[in-house]
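In what follows, chains carry the letters A, B, and so on, assigned in the order in which the sequence lines appear, proteins first and then strands, with residues in each chain numbered from 1. Worth saying up front: this structure is predicted, and the values here are computed from it rather than measured.
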Protein chains: 2
Amino acid sequence: MSVTLLEVARRANVHPSTASRALSPVMSREVSEATRLKVLEAAEELGYRPNVVARGLRKGRTGTIGVVINDFQLPYNAAVLRGIEAVLDETGMMPFVTESHEDSARLERALEHLHGRRADAIIVTAVRAADEAAVVKMARLLPIVLAVRTLPNTRLATVAHDDFEGGLLAARHLVALGHRDIVELPGTGDVSSFRQRSAGFHAGLQEAGLEPASVVQPVHRLTVENGHALMRAVLARADRPPTAAFAHNDVMAAGAIDALSDAGLSCPRDISVVGYDDILLADHLAPPLTTVRLPSFHLGQLAAQLARTLLDQPDAPAPRVSLPPELVVRASCAPPPKGRGSSPGVGHGH
Amino acid sequence: MSVTLLEVARRANVHPSTASRALSPVMSREVSEATRLKVLEAAEELGYRPNVVARGLRKGRTGTIGVVINDFQLPYNAAVLRGIEAVLDETGMMPFVTESHEDSARLERALEHLHGRRADAIIVTAVRAADEAAVVKMARLLPIVLAVRTLPNTRLATVAHDDFEGGLLAARHLVALGHRDIVELPGTGDVSSFRQRSAGFHAGLQEAGLEPASVVQPVHRLTVENGHALMRAVLARADRPPTAAFAHNDVMAAGAIDALSDAGLSCPRDISVVGYDDILLADHLAPPLTTVRLPSFHLGQLAAQLARTLLDQPDAPAPRVSLPPELVVRASCAPPPKGRGSSPGVGHGH
DNA sequence: TTGTAGGCGTTATCAA
DNA sequence: TTGATAACGCCTACAA
């Protein structure tokens with residue numbers, strides 16, 4: 001098996017506890033320089049790697065942060081994870097990542113799993129309203145940080161961004177281009193971000209005295225397929241199609257644009273589309289996607305920093321951090337076809 | 001702190017070892033039904049979660065598989081991870097994922113980190129030739145499975161796919177369309193997959209009596225930016241531009257297509273582009289990308305299964321699994337402009 | 001069927 | 001400055 005501290009101690013002719021001290025950055029000050037070097041040399045020669053599992057058992061800290069994400073496949077999650085990793089790296093900690101697949105039972109299992117492995121804290125980016133009880137319960141056992149999605153009724157530490165503002169930006173952009181028949185391709189309201197995006201979007205329409213051109217059933221999973229299906233439903237239902245659409249994420253927007261092609265329509269000529277997230281390659285889609293940028297990497301960083309803080313101050317008040325969204329204008333939005341909108345920039349009357 | 005087995009035992013009025021047996025699926029047969037139920041009930045009431053860290057220390061197994069990937073951001077890695085997770089889930093194991101960022105020092109640290117945390121086995125998808133010594137050394141300490149990328153000179157367990165065949169498919173496709181001036185936008189040869197893709201590509205050209213139209217410096221990281229830079233270099237250098245390009249991954253292909261637009265050229269009208277991987281949204285790029293599909297999810301599954309097998313049979317011979325690639329034809333390839341190629345399908349003479 | 005005892009590798013506390 | 005000891009929580013021979 002692997003080299004243990006005992007073997008290092010023997011080779012250096014010291015007691016295991018001395019070896020332990022010599023190898024500990026903080027305790028090594030209590031050890032004579034000579035023996036410290038002896039131990040270090042022995043450890044080096046034997047290729048000693050401390051057993052973090054044993055250490056975790058003894059110290060009650062595993063140096064591990066659990067992370068519950070939705071789905072590795074969703075591009076913005078990758079950026080969140082990188083942010084988390086960037087911060088944890090600095091202190092030799094490691095993330096322990098699990099997927100919940102937008103499923104409450106799986107999320108609960110993930111939490112228990114991470115607790116069972118004695119993660120020091122858990123970052124959850126995939127929470128939905130239905131998970132509140134499970135998350136709050138777990139929060140009594142170890143620090144929990146919500147990232148990206150929030151639970152507004154709780155007092156949990158949270159790192160999110162202003163989804164309301166994001167929805168507002170999207171709506172205003174379309175209104176300013178002259179659109180008056182705008183639909184929303186929404187995610188379900190049990191996710192805080194979608195609820196807020198929706199609220200902001202509606203507020204933006206209302207400012208201009210508009211209502212959604214038609215309403216479709218929100219979807220549970222924001223996939224390419226569902227984006228396609230929602231847009232198909234919009235086109236099938238309305239007497240005449242809308243001139244613009246706001247999709248709750250970029251992947252759905254891609255699906256929606258697909259559905260337009262299938263119907264012989266073109267984006268942005270016939271229908272403009274705004275996405276959300278600004279995923280990698282959003283600028284390489286056909287057409288390059290106008291979208292609201294979710295500062296994923298930064299959110300991940302902040303979440304990890306917060307988790308670390310909570311470790312050392314378990315009773316500190318749990319902060320709520322919010323970052324601003326940003327509209328990224330590309331080619332998927334244009335003024336509406338002739339005769340279908342108000343003149344650009346003048347759509348705000350009642 | 002958390003509920004321990006001791007507390008469960010006390011509440012059920014049994015000895016801790018009895019409680020342990022009652023809760024163990026395999027040992028619970030040695031326990032009377034009555035006490036078994038008593039213990040289960042006590043555990044349930046207290047919300048007992050076994051401490052996997054302690055268990056790992058005792059059993060020498062942590063139920064954890066380390067995974068070293070390149071970069072969360074690269075879309076195909078997401079699929080590999082999902083495959084791994086899908087398999088590990090069945091047995092309550094968990095992946096422990098780290099990034100190496102195409103950096104040997106980081107990869108070595110990642111391996112040591114995972115070993116220190118006593119992962120039961122490690123799956124490496126990010127290996128490069130320069131990492132051979134570190135990986136082989138680590139393989140003496142715990143089972144290692146190479147996935148996606150291989151180390152041909154070693155006897156390590158491997159789950160890859162046939163990159164040579166993939167490169168061959170790409171070249172043949174372009175040749176069959178009538179192209180004769182074809183360039184490669186390659187990754188560096190220190191990664192087995194890129195080396196093989198390159199070899200297959202050249203073999204495909206050779207079949208048709210062709211040579212690469214021009215040669216660019218392989219890149220270390222296969223990013224959008226590097227794809228853009230390589231294509232720019234190609235356009236700058238050649239007397240006349242090639243009519244087709246084979247990029248070693250989809251992300252680079254996207255960058256290359258960008259560079260074409262910047263130069264006032266169009267894909268596929270002026271230059272056809274073949275990518276590699278078939279990432280999510282590859283079919284939504286502009287234009288939808290013809291590419292060689294890397295069976296990422298399946299590779300992940302097989303790697304995880306292999307890792308599990310190796311756990312139980314540490315001395316079993318290390319197999320090498322290979323999956324076939326598949327060419328996915330979309331819109332980014334077309335016959336060359338008039339006067340620039342052989343007639344389609346007739347380019348095989350010498 | 002249940003209890004006893006010992007130890008997995010490490011570190012904190014106490015004594016020398 | 002170093003050594004001895006105990007304990008973190010769990011599991012498993014072995015004994016009863």
B:Met27 CE to C:dT2 P: how many Å, rounded? 13 Å
I want to confirm an ordering. Mapping B:Arg21 and A:Arg21 to their closest nucleotides on DNA chain C, which one lands closer to the 5' end? B:Arg21
Between C:dC8 atom C1' and A:Glu7 atom CD, what is the distance in whole Å? 13 Å
Nearest-neighbour nucleotide for the A:Val31 side chain, C:dA12, C:dT10, D:dT2 considered: D:dT2
Which pair of heavy atoms, one from A:Leu311 and one from A:Ala121, lies closest together, and at what distance? CD2-CB, 4.2 Å
Would you mind reading off the distance between A:Arg118 atom CZ and D:dC10 atom P, rounded to a whole angstrom? 7 Å
Can you tell me if B:Thr35 touches the phosphate of C:dT2, counting only side-chain N or O atoms and a distance under 4.0 Å to OP1 or OP2? yes
Could you tell me the separation between the CG atom of A:Asn51 and the P atom of D:dC8, rounded to a whole number of Å? 18 Å
Below the 4.0 Å mark, does D:dA7 have OP1 or OP2 next to a side-chain nitrogen or oxygen of A:Arg58? no
Taking D:dC10, C:dG3, C:dA12 as options, the one with an atom nearest any side-chain atom of A:Ser17 is C:dA12
Distance check needed: C:dT1 C1' versus B:Leu37 CG, whole Å only. 15 Å
Phosphate contact (D:dG3 OP1 or OP2) by A:Thr18 side-chain N/O below 4.0 Å: yes
Measure CZ/B:Arg10 against P/D:dG9 and give the value in whole Å, please. 11 Å
Can you check the A:Leu6 CG to D:dA4 P distance for me, whole Å? 12 Å
Tell me: CD of A:Glu30 to P of D:dT2, nearest whole Å? 11 Å
Return the nearest nucleotide to the side chain of B:Ser32; candidates are C:dA12, C:dG9, C:dT1. C:dT1
Scan B:Ser24 against the nucleic acid and name what it touches under 4.0 Å (heavy atoms): base, sugar-phosphate only, or nothing. nothing
Does A:Tyr48 place a side-chain N or O at less than 4.0 Å from the phosphate oxygens OP1/OP2 of C:dT10? yes
State whether A:His15 places a side-chain N or O below 4.0 Å from either non-bridging phosphate oxygen (OP1 or OP2) of D:dT2. no
Side-chain ion pair, A:Asp131 and A:Arg149, N-O less than 4.0 Å: no
Is a salt bridge present between B:Arg49 and A:Glu112, judged by a nitrogen-to-oxygen distance below 4.0 Å? yes
Look at all strands and tell whether A:Leu57 reaches a base, only sugar-phosphate, or nothing, counting heavy atoms closer than 4.0 Å. base
Going by the side chain to side chain donor-acceptor pair (under 3.5 Å) test, name the single residue among B:His101, B:Glu102, B:Glu99, B:Arg128 that passes it with B:Asn70. B:Glu102
Do B:Asp120 and B:Arg61 meet the salt-bridge criterion of a basic N to acidic O distance under 4.0 Å? no
Which part of the nucleic acid does B:Pro16 contact within heavy-atom distance under 4.0 Å: base, sugar-phosphate only, or nothing? nothing
Does this structure show an ion pair linking B:Glu33 with B:Arg36, if we count only N-O contacts that are shorter than 4.0 Å? yes
Check every strand shown and say whether B:Thr4 touches a base, only sugar-phosphate, or nothing at a heavy-atom separation below 4.0 Å. sugar-phosphate
